[in-house]
There are 2 protein chains.
Amino acid sequence: MPRATGTKRAILDATLELAATKGITGTTMDEVAERAGVAKGSLYYNFASKDRLFEELLQEGVGALADTLREARAGLHGRAALEALIRALLDGIASNTALAKLMAAEIFRTDRTWQKTLFALRHEALTVFAEAIAEVEPGSRRDGTCGLMASSVFGAVLLSGLEWLVFDPERHRDEVAAAILDSFSGGLLGD
Amino acid sequence: MPRATGTKRAILDATLELAATKGITGTTMDEVAERAGVAKGSLYYNFASKDRLFEELLQEGVGALADTLREARAGLHGRAALEALIRALLDGIASNTALAKLMAAEIFRTDRTWQKTLFALRHEALTVFAEAIAEVEPGSRRDGTCGLMASSVFGAVLLSGLEWLVFDPERHRDEVAAAILDSFSGGLLGD
DNA sequence: GTCTATATCCAGATAGAC
DNA sequence: GTCTATCTGGATATAGAC
């Protein structure tokens, strides 16, 4: 399925770029219209409200990320699967940094009208990690610890990925991936 | 130094609580005044502008966090120091969840008037981790990898800490700390 | 399906009494 | 030092022409 073109696509793209730097509340419908090259009336023809526009944007973006993670894990098992997930998430953050920034800013907000939607998507993405972790450490499935460790790994990749892309972009991707993998390989705290 | 009381203190407290759920841009000066129990005019007597109010809030909060981390590391070395830092950060997040949410939402914003201030404070906190990591893995100091690993550890604690406090608060603190430490102990990817 | 023009409300900030 | 009252710009959303 090719990315749809046309007005709706242009609006979503403009919205994402603006929201990544100005935040959702700080992005105005006037700015979105201007950057998308359409009139404000067209925004409200294509989306019922500002809230609905952002809900669709997050749904599309985080949904695609979850798909990417599932594909990255497909066919792999054990530590190879987890390593592939970490690399895939880092790549996803690099190729859609705007979405990653938005996720970091929105993931713990509980007052949004789209809260349920985002919660479900977040859960979907984290579950891919949790499943892979449960396979490596079977004991963690029983007490739900694999979910916590999934957050831990996800948070490590998200924050170091954004640290790299936002504040230290000259660094090479492989260096960043190596540092993340290194930090989970037991050199820091392991025996 | 006891926390100052009085109007300024009440305003800062009200601001933090509101911003943790509604975000900075979504928090209005009228709401701050109402929750603090003062008139809007008093806000502008005590702070030059909304931006300055939030800058002082972040300065106070993140500055205190950096102090806490430095104290936690004092006198310790090697893996014991890093483990103490992880526990101290998790405790800090638990005892000031509002600030942690605010940090997660603001840390990668680059359009704020207080950008330089927040960048410096973030750097201060991360450096404490980076120093401890460089002590454990001396080779990482040369190429700056310790900075990346510091982000990795910091991100792991921040996200799993907030995951716990926001979405799964019945869980016990020690369980969360154990899961984080476990994820860095080599069980997931180690040899 | 997209535009322009406008209605309506609410935000940050200030003036000046007490 | 804190209050009330108010100014002014800008925000979401809608109406209706094309």
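Just so we're clear, the structure is a prediction, and the values are computed from it rather than from any experiment. Each chain gets a letter, A, B and so on, in the order its sequence line appears, and its residues count up from 1.
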Calculate the interatomic distance between B:F47 atom CZ and D:dT2 atom P; express it in whole Å. 11 Å

What integer distance in Å separates B:D51:CG from C:dA11:P? 16 Å

Please report the distance, rounded to the nearest Å, between CZ in A:R52 and P in D:dA13. 13 Å

D:dA11 C1' sits how many Å from A:F54 CZ, rounded? 13 Å

Indicate whether OP1 or OP2 belonging to C:dC3 is found under 4.0 Å from a side-chain N or O atom of A:S42. yes

If you check every side-chain atom of B:K50, which of C:dC3, C:dG12, D:dA13 has the closest atom? C:dG12

Measuring to OP1 and OP2 of C:dG1, would you say a side-chain N or O of A:Y45 lies under 4.0 angstrom away? yes

In plain terms, say whether A:E83 and A:R79 are close enough for a salt bridge, that is, a side-chain N and a carboxylate O under 4.0 Å apart. no

Would you check if there is a donor-acceptor pair between the side chains of B:D51 and B:T113 at a distance under 3.5 Å? yes

Taking only side-chain N and O atoms of B:Y44, does any of them lie within less than 4.0 angstrom of OP1 or OP2 on C:dA13? yes

Just checking, B:K8 and B:F47: is the charged tip under 6.0 Å from the six-membered ring centre and within 45° of the axis? yes

Looking only at side-chain atoms of A:A39, point me to the closest of C:dT4, D:dT12, D:dC3. C:dT4

In terms of ring plane angle, is the pair A:F184 and B:F184 parallel, tilted or perpendicular, where the classes change at 30° and 60°? parallel

Between B:K22 (NZ) and C:dA11 (C1'), how many Å, whole number? 13 Å

So, does B:T7 get its side chain near the phosphate of D:dT2, meaning an N or O under 4.0 Å from OP1 or OP2? yes

More 5' along DNA chain D: B:G37 or A:G41, using each one's nearest nucleotide? B:G37

In whole angstroms, how far is the P atom of D:dT8 from the CE atom of B:M29? 20 Å

Check every strand shown and say whether A:T25 touches a base, only sugar-phosphate, or nothing at a heavy-atom separation below 4.0 Å. nothing

Checking contacts here: which listed nucleotide (C:dC3, C:dG12, D:dT12) is nearest the side-chain heavy atoms of B:K40? C:dG12

Could you tell me whether the side chain of A:S95 and the main chain of A:D91 form a donor-acceptor pair under 3.5 Å? yes

B:S49 side chain: which of C:dA13, C:dC3, D:dT14 is closest? C:dA13

Value in whole Å for how far the C1' atom of D:dT12 lies from CD of A:E31: 13 Å

Have a look at A:D30 and say if it touches a base, only the backbone sugar-phosphate, or nothing, with a 4.0 Å heavy-atom cut-off. base

Whole Å only: how far is the CG atom of A:L43 from the P atom of C:dC3? 10 Å

